[in-house]
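Below you'll find the structure, written out as structure tokens, and then a few comments.
For the numbers below, each heavy atom of this structure counts, side chains included, while hydrogens, waters and symmetry mates do not. Heads up: numbering here begins at 1 and tracks the sequence.
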Amino acid sequence: MILHRWFAALAVLASAAAAFAAGDAARGAQAFRACSGCHSLAPGDHRTGPSLAGVFGRRAGTADGFGRYSEALRKSGMVWNAQALDGWLRDPAAFIAGNGMTFPGLPDARVRADLIAYLQAVSAGKIAAPKTPGLPDLRAADAGDRVSAIAHCGDTYRVTLGDGTRRAFWEFNLRFKTDSSAHGPRRGQPVIVGAGMGGDRAQVVFAEPAEISSFIRSHCE
Ligand code: HEC
């Protein structure tokens, strides 16, 4: 009887191991769509979350050059093997309390196994990292997307573009951002993004924060 139970337990363990092993990397590549809004698999390409290049077998919180890790993740002492990734991807908030990955988790064990197989295969160089949609190259913006002046009056921003056109925005609908990367705008040449015709909202992207207030003039005509 005891022996019987022991065998039963062994069988359960074996099938759990099989479930890990059975992860299908090709299906995992599809499942990675749930991640690619925040993560790239290209080395050094950090987005909202760190690049996941080489994540399999790496210590948590150590991707080179990612400056936004939570203390909780950095101090977790976790190493990203299949078991740790399974727990993390099932319910990140429960797995490492106080971490900064705002992702609800994947309840389906099968999907997690597929994803883990995929991350492992990419980390091992068996599958090439997919191209993450590139960020727009703001250095190459047309004159019509370059901003030459911004005036603020009342509740309105008036934006003058490099081709001479002017657009007015309700101040609540214009956002100011910075992009200090190699794709970002040149200094002193902010670029307007998402201001397509009919769009009532847009963003102006600057090379660095100090430019923002120096560029905007309080001025009514
Ligand atoms: C909404 C954005 C977002 C989504 C979606 C997301 N992540 Fe994350 N992820 C993050 C952030 C931010 C961190 C860093 C968390 C911290 O420092 O606490 C992170 C951290 C990680 C880490 C730890 C990396 C390290 O270097 O220690 C792994 C592994 C990971 N995510 C895998 C995934 C996978 C796989 C998916 C898809 C199922 C996913 N993430 C979906 C934002 C996201």
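- A tilted orientation is assigned to the rings of W80 and W88, their planes being inclined by 30° to 60°.
- Remark: R90 engages D86 in a salt bridge (Lys or Arg N to Asp or Glu O under 4.0 Å) (not counting sequence neighbours).
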Pairs of donor and acceptor atoms involving the side chains of residues 51-63, under 3.5 Å and at least two apart or interchain, shall be tabulated with distances.
residue	atom	partner	partner atom	Å
S51	OG	A42	O	2.8
S51	OG	A53	N	3.1
R58	NH1	A53	O	2.9
R58	NH2	S51	O	3.4
T62	OG1	R59	O	2.7

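- A donor-acceptor pair is defined here as one N or O able to donate and one able to accept, closer than 3.5 Å; such a pair exists between the side chain of S123 and the backbone of L119.
- Between F215 and F206, the angle of the ring planes goes over 60°, which puts this pair in the perpendicular group of the 30/60° scheme.
- A donor-acceptor pair under 3.5 Å is absent between the side-chain atoms of R175 and the main chain of A202, judged by distance alone.
- The stretch residues 129-157 participates, sequence neighbours left out, in no salt bridge (Lys or Arg N to Asp or Glu O under 4.0 Å) pair at all.
- Every pair passing salt bridge (Lys or Arg N to Asp or Glu O under 4.0 Å) that includes a residue from residues 208-217 is listed here, sequence neighbours excluded: R187-E208.
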Evaluation steps, side-chain contact (heavy atoms from CB on, under 4.5 Å), between F32 and L115: CA-CA 7 Å; F32 190 73; L115 247 178; 3.9 Å; yes

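- When side chains are defined from C-beta on, V191 does not count as touching V204, because their heavy atoms never get closer than 4.5 Å.
- The disulfide bond (SG atoms under 2.5 Å apart) test applied to C153 returns C220, not counting sequence neighbours.
- Across all non-hydrogen atoms, the minimal contact from P185 to V205 is CG-O, 3.4 Å.
- Counting heavy atoms from C-beta outward, L161 and I192 have side chains that approach closer than 4.5 Å.
- Partners of R27 by side chain to side chain donor-acceptor pair (under 3.5 Å), not counting sequence neighbours, listed by chain and number: D114.
- By the 6.0 Å contact criterion, CD on E71 is open, its count of non-hydrogen atoms from other residues, nucleotides or ligands being 12 or less.
- Using a 4.5 Å cut-off between side-chain heavy atoms of Ile, Leu, Val, Met, Phe, Trp and Tyr, with links allowed through other members, L85 and F66 fall into the same hydrophobic cluster.
- For P136, the side chain to side chain contact (heavy atoms under 4.5 Å, CB included) test picks out L138, with sequence neighbours left out.
- Annotation: side chain of P107 is not in contact with side chain of D91 (no heavy-atom distance under 4.5 Å).
- At a threshold of 4.5 Å between non-hydrogen side-chain atoms, the residues Y118 and I127 count as touching.
- Between the NZ atom in K177 and the CD atom in Q203 there is a gap of 3.5 Å [rounded to 0.5 Å].
- With sequence neighbours excluded, no residue satisfies side chain to side chain donor-acceptor pair (under 3.5 Å) with R110.
- Every residue meeting the side chain to side chain donor-acceptor pair (under 3.5 Å) condition with S181, not counting sequence neighbours, appears here in chain and number order: D179.
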Worked check of side-chain contact (heavy atoms from CB on, under 4.5 Å) between R47 and D45: CA-CA 7 Å; R47 305 262 165 129; D45 185 9; 3.1 Å; yes

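- The aromatic ring centroids of Y157 and F176 lie less than 6.0 Å from each other.
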side-chain contact (heavy atoms from CB on, under 4.5 Å) evaluation trace for V159 with F169: CA-CA 8 Å; V159 178; F169 291 89; 4.0 Å; yes

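- In this structure, the separation between CZ on R166 and OG1 on T160 is 4.5 Å, given to the nearest 0.5 Å.
- Listed for the S76 side chain is a donor-acceptor partner under 3.5 Å among the backbone atoms of M78.
- In this structure R68 satisfies the side chain to side chain donor-acceptor pair (under 3.5 Å) test with no other residue, sequence neighbours excluded.
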Extract all donor-acceptor atom pairs below 3.5 Å that involve side chains of residues 92-101 and protein atoms in other chains or at least two apart in sequence.
residue	atom	partner	partner atom	Å
N99	OD1	M101	N	2.6
N99	ND2	P92	O	3.1
N99	ND2	I96	O	3.0

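- Under the disulfide bond (SG atoms under 2.5 Å apart) criterion, no residue pair touches residues 104-133, with sequence neighbours excluded.
- The number of heavy-atom neighbours closer than 6.0 Å to CG of D64, taken from other residues, nucleotides and ligands shown, is 12 or below.
- In this structure, H39 contributes its side chain and P50 its backbone to a donor-acceptor pair below 3.5 Å.
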